[in-house]
Each structure stands twice: as structure tokens, then as C-alpha cells.
Novice: 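Here's a structure for you.
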Amino acid sequence: MKMTVLQTGGDFEVNTYIVPLNDNNVFVVDPADCEFCGDRFKVVNHLKENGLNPVAVVLTHGHFDHVTGLKDFRAAYPDVPILIHVDDRGYISENSEFVQGNHLKLIRDGMRILPYVTNLPPPTEYLLSDKPLGILDCFKGKEPELIESLNKWTVLWTPGHTPGGVCLYNAEERTLISGDTIFYQGVGRWDRPLADEEMLMESVRRVYRTIPGDTRVYPGHELYGFELKENF
């Protein structure tokens with residue numbers, strides 16, 4: 001089973017990834033479908049229509065355009081853990097309206113989106129920097145084959161676009177899910193609240209120092225599946 005890319009988020013054109021594990025198990029990266037975006041239930045419907053079993057939602061960061069689908073996902077799958085880096089916890093905590101609002105007020109008509117990122121389901125657990133997904137407490141007691149599949153994915157903390165931005169790296173498959181840290185011939189924005197240009201550039205340099213150039217990159221927006229070495 002190959003990784004599936006769902007274009008979600010309406011005009012924001014977020015790449016939501018359905019990442020295969022063992023059997024019919026998958027994890028979902030950045031569910032961004034919602035009523036406002038005109039694609040409500042796109043992720044949930046895809047999972048159900050294809051007989052897929054989501055074991056986690058993994059958020060590359062907490063920006064509004066990557067989390068608008070969380071409420072509907074939680075309603076459909078109440079026991080599936082939601083994972084985010086601790087430094088981005090404010091985006092989906094009880095203070096999400098305040099944190100998200102600081103971003104949305106900088107966007108034309110952005111405050112219309114605020115209801116969709118208010119009272120979001122809180123994180124179940126926090127991603128661990130430079131550690132595999134499978135070691136998290138929420139996966140304890142799961143079948144060994146699932147844990148083995150999860151452990152092929154390592155969390156890379158790549159702050160800068162947001163304080164808790166992460167990439168997900170699978171060395172065996174030479175695959176990097178880069179969120180909004182790295183795009184094709186570009187990097188994430190640093191002109192939004194809580195962003196830091198110096199930290200972002202160091203995160204990008206770290207990726208290039210440690211990840212092989214023939215790794216395929218799957219960012220949060222735009223073109224995906226390009227090789228890292230093709231980027232600059």
C-alpha cells in the first residue's frame with residue numbers, strides 16, 4: 001500500500017497524507033478538511049471507503065490550515081490519539097481560539113475560519129524529538145507488527161515556521177514528510193506570530209546535513225514527491 005495524498009483545506013490546498021503501516025493500519029498527517037473548506041469528511045470518507053484503520057493523527061505543526069479537520073475526525077474516531085510536538089500544544093488546547101486568532105487576523109477574512117479551530121480536541125500525547133513514533137505510551141500493548149511499522153518513522157523537531165514544527169522521516173523508504181518546513185525550491189514562512197527565521201534556517205540546514213539527497217519529500221502544500229537534492 002502506497003502513501004495517499006489528499007488535497008484538502010480548500011483554497012489553502014493542504015496535503016493531507018494517509019501513511020500506510022502494517023495490514024490495513026495507517027496514520028493520518030494534518031487532516032485539513034472541513035465545512036468551511038468545502039471538503040468536510042474527505043479524510044474520514046476515504047478511510048472508511050477503503051477499509052483503513054487509523055491508529056493516530058500526527059500533526060506536523062498546529063497552524064489553522066492543517067488542523068481544521070480535527071473535530072470531525074475525533075467525532076468519527078473518538079479513541080484515535082492526536083499527536084503534536086509539545087511546543088505547538090497551544091494551537092489545539094483550550095487556548096486554541098486565542099492562538100489561532102493571532103494568525104487569522106493577519107489574513108483577509110481569516111476570522112471566518114476561527115469557529116473551525118476553536119475548542120479543538122486536545123493532544124493525546126506529545127511527539128518525542130529524534131525518536132520513533134512507536135515508543136509513545138499511546139501505542140503500548142499494540143501488536144508487535146504495528147509497533148515495528150510505526151518505528152520506521154522518526155520525528156525530527158524542525159522549529160522555525162512554528163515552535164513545535166516537525167518532519168517525519170522514514171530512512172528505509174527514503175521518505176520525508178516535511179510539513180511547512182521545506183517546500184519545493186523553498187522553505188516555510190517566518191513572518192507569522194511565533195515564527196523564527198534563524199531557527200527555521202537551522203532546521204533546514206539540519207535536514208540537509210542528516211537526510212540523504214535521494215529522499216523523497218512530501219511537504220504540507222504544493223508539489224510533493226521531489227528528491228531532496230533537487231530542491232536547491
Novice: Does any N or O in the side chain of Asn22 come within less than 3.5 Å of the main-chain N or O of Ser149, such that one atom is a donor and the other an acceptor?
Specialist: no
Novice: Taking the side chain as every heavy atom from C-beta outward, state whether Pro123 and Ile92 have any pair of such atoms under 4.5 Å apart.
Specialist: yes
Novice: Linking I/L/V/M/F/W/Y whenever their side-chain heavy atoms sit closer than 4.5 Å, directly or via other members, would Leu83 and Leu21 fall into one cluster?
Specialist: yes
Novice: Side-chain donor-acceptor contacts of residues 48-58 below 3.5 Å, not counting sequence neighbours, with atom names and distances?
Specialist:
unit_1	atom_1	unit_2	atom_2	d
Asn50	ND2	His46	O	2.8
Asn50	ND2	His46	ND1	3.4
Asn53	ND2	Asn25	OD1	2.7

Novice: Can you list every pair that meets side chain to side chain donor-acceptor pair (under 3.5 Å) and has a residue in residues 119-137, with sequence neighbours left out?
Specialist: His85-Ser129, Asp130-Arg206, Asp137-Lys140
Novice: Taking atom CD1 of Ile147 and atom CG of Leu133, what is their separation to the nearest 0.5 Å?
Specialist: 10.0 Å
Novice: Consider only side-chain N and O atoms of Asp39 and Thr8, and report whether a donor and an acceptor are under 3.5 Å apart.
Specialist: no
Novice: Flag the pair Ile18 / Val28 as yes when at least one side-chain heavy-atom distance between them is below 4.5 Å, and no otherwise.
Specialist: yes
Novice: For the residue pair Thr60 and Cys167, establish whether any side-chain heavy-atom pair is separated by less than 4.5 Å.
Specialist: no
Novice: I need the minimum non-hydrogen distance between Val67 and His61, along with the two atoms involved.
Specialist: CG1-O, 4.1 Å
Novice: Can a donor-acceptor pair be found, under 3.5 Å and without considering hydrogens, that links the side chain of Gln100 to the backbone of Phe64?
Specialist: yes
Novice: Do Leu120 and Phe36 sit in the same hydrophobic cluster, where Ile, Leu, Val, Met, Phe, Trp and Tyr count as joined when their side-chain heavy atoms come under 4.5 Å apart?
Specialist: yes
Novice: Measuring from Thr154:OG1 to Leu127:CG, what's the distance to the nearest 0.5 Å?
Specialist: 11.5 Å
Novice: Is the closest side-chain heavy-atom distance between Leu136 and Pro81 below 4.5 Å?
Specialist: no
Novice: Side chains of Asp196 and Leu200: closer than 4.5 Å at any heavy-atom pair?
Specialist: no
Novice: Would you give the length of the straight line joining atom CZ of Arg89 to atom OG of Ser96, rounded to the nearest 0.5 angstrom?
Specialist: 14.0 Å
Novice: Roughly how far, to the nearest 0.5 Å, is CG of Leu114 from CD of Glu97?
Specialist: 5.0 Å
Novice: Could you measure the distance from the CG atom of Leu228 to the OH atom of Tyr184? Nearest 0.5 Å is fine.
Specialist: 12.0 Å
Novice: Measure across Asp30 and Val14 and return the closest heavy-atom pair with its distance rounded to 0.1 Å.
Specialist: O-CG1, 4.2 Å
Novice: His161 and side-chain hydrogen bond (donor to acceptor under 3.5 Å, both in side chains): which single residue from His63, Arg189, Arg192 fits?
Specialist: His63
Novice: Looking at Glu148, I want to see if its CD is surrounded by more than 12 non-hydrogen atoms of other residues, nucleotides or ligands under 6.0 Å.
Specialist: no
Novice: Do Val155 and Leu128 make a side-chain contact, defined as non-hydrogen atoms from C-beta onward lying under 4.5 Å apart?
Specialist: no
Novice: So which of Thr16, Asp33, Asn15 actually passes side chain to side chain contact (heavy atoms under 4.5 Å, CB included) with Gln7?
Specialist: Asn15
Novice: So which heavy atom on Ile211 is nearest to which on Thr215, and how close?
Specialist: CG2-OG1, 3.3 Å
Novice: Within the side chain of Thr158, is there an N or O that forms a donor-acceptor pair under 3.5 Å with the backbone of Ser203?
Specialist: no
Novice: If every non-hydrogen atom of Tyr169 is compared with every non-hydrogen atom of Thr175, which pair is closest and at what distance?
Specialist: CD1-O, 3.3 Å
Novice: With side chains defined as the heavy atoms from C-beta onward, is the minimum distance between Phe226 and Pro219 less than 4.5 Å?
Specialist: yes
Novice: Indicate whether the side chain of Tyr91 and that of His66 have a donor and an acceptor atom separated by less than 3.5 Å.
Specialist: no
Novice: Salt-bridge test for Arg209 and Glu202: reply yes if a basic N is under 4.0 Å from a carboxylate O, no otherwise.
Specialist: yes
Novice: Minimum heavy-atom separation for Gly165 and Trp157, please, with both atom names.
Specialist: O-CD1, 3.4 Å
Novice: If hydrophobic clusters are built by linking Ile, Leu, Val, Met, Phe, Trp and Tyr wherever their side-chain heavy atoms come under 4.5 Å apart, do Met3 and Leu6 end up in the same one?
Specialist: no
Novice: Look up atom CD1 in Ile177 and atom CG in Leu168, then write down how far apart they are to the nearest 0.5 Å.
Specialist: 5.0 Å
Novice: Determine the minimum heavy-atom distance between Tyr17 and Tyr218, stating which atoms define it.
Specialist: OH-C, 3.2 Å
Novice: Check whether any side-chain heavy atom of Ile82 lies under 4.5 Å from a side-chain heavy atom of Phe73, and answer yes or no.
Specialist: no
